[in-house]
Amino acid sequence: PSMDGWIMYPGTAGAMNWGGGAFDPKRNLLITPLSRVGMVLQLLPKEEVDPDAGFDPQRGAPMGPPAIIQGTDYALKQKIFLGPLMVPCTPPPWSTLVAVDLAAGEIKWDVPLGTIDKLAPIPLPAIRWGTPSQGGPIITASGLAFIGATADSRLRAFDIDTGEEVWTEEVPRSSHATPMTYEIDGTQYVVIASGGHMFVTPNDIDDYLVAYALPRADEAE
């Protein structure tokens, strides 16, 4: 506990709770994103919340106004554990993608997920410190893990065996949905909804649906 409340690490959106993981039965690996950002939780007298206030989906959410805990005398307020420069107080990376060897019960690899260039208040390079993330990965038979999830508006592909980031592409908005893949007439597509997130990127909401595919052999130059 602190003067401002209870510090929870990982936070209420922490670890792999939101977004889930993907399982590769061939390698017996679980691929999952992890959130490594702490939260500060405060319990306030419920009288501090206007009972006549209209519906607000931000109430009780991280960085939102407090929400009454029904059946109690209290309201809950959550905020990210930030320092004076408005970055998390916990050390980076703040989000990672992890491969768990389920047979051995060990971490095979653990790599940063996301860059801070689009989030910093001043121009910065694409430093791989991880970003706030919500969303899960998919795995393809070719040995790739595709994931959006990050608040830096990118879709990425990782080598399942090594964790190397082998491809990244900017998308119109942050993509907190889980990607999907399908095949039509011999061409494989990867599709993701890029609409932002009301808690992660509340000022950048939209409704894009983005699809990618490799050119067919008979179409390649």
Under the ring pair (Phe, Tyr, Trp, His ring centres under 6.0 Å) test, residues paired with [X] that sit two or more places apart:
X	answer
Trp109	none
Tyr189	Tyr182
Phe146	none

Any residue meeting side chain to side chain donor-acceptor pair (under 3.5 Å) with [X], in chain and number order, not counting sequence neighbours:
X	value
Gln188	Thr181
Ser153	none
Asp110	Arg36, Thr96

Locate the shortest heavy-atom distance separating [X] from [Y]; write the atom from each residue and the value.
X	Y	answer
Thr140	Ile160	O-CD1, 4.4 Å
Gly148	Pro179	N-CG, 4.4 Å
Ala22	Pro137	CB-O, 3.6 Å
Ile192	Leu155	CD1-CD1, 3.9 Å

Within the structure provided, determine whether [X] and [Y] are in side-chain contact (heavy-atom separation under 4.5 Å).
X	Y	answer
Val100	Lys108	no
Thr131	Thr115	no
Ile31	Leu97	yes

Residue pairs fulfilling salt bridge (Lys or Arg N to Asp or Glu O under 4.0 Å) with at least one residue in residues 87-100, sequence neighbours excluded
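Not a single pair qualifies under salt bridge (Lys or Arg N to Asp or Glu O under 4.0 Å).
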
With sequence neighbours excluded, what pairs up with [X] under the side-chain contact (heavy atoms from CB on, under 4.5 Å) test?
X	answer
Pro45	Glu47, Glu48
Tyr208	Pro172, Arg173, Ser194, Asp206, Val210
Glu170	Lys118, Arg154
Glu165	Arg128, Arg156, Phe158, Thr168

Table please: side-chain donor-acceptor pairs of residues 60-73 below 3.5 Å, with sequence neighbours left out.
unit_1: Thr72; atom_1: OG1; unit_2: Ile69; atom_2: O; d: 2.8
unit_1: Thr72; atom_1: OG1; unit_2: Tyr74; atom_2: N; d: 3.1
unit_1: Thr72; atom_1: OG1; unit_2: Tyr74; atom_2: O; d: 3.4

So CD1 of Ile139 and CG of Leu29: to nearest 0.5 Å the spacing works out to 7.5 Å

Less than 3.5 Å apart, any donor N or O on the side chain of Thr150 or Asp152 sitting next to an acceptor on the other?
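Asp152 and Thr150 do have a side-chain donor-acceptor pair below 3.5 Å.
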
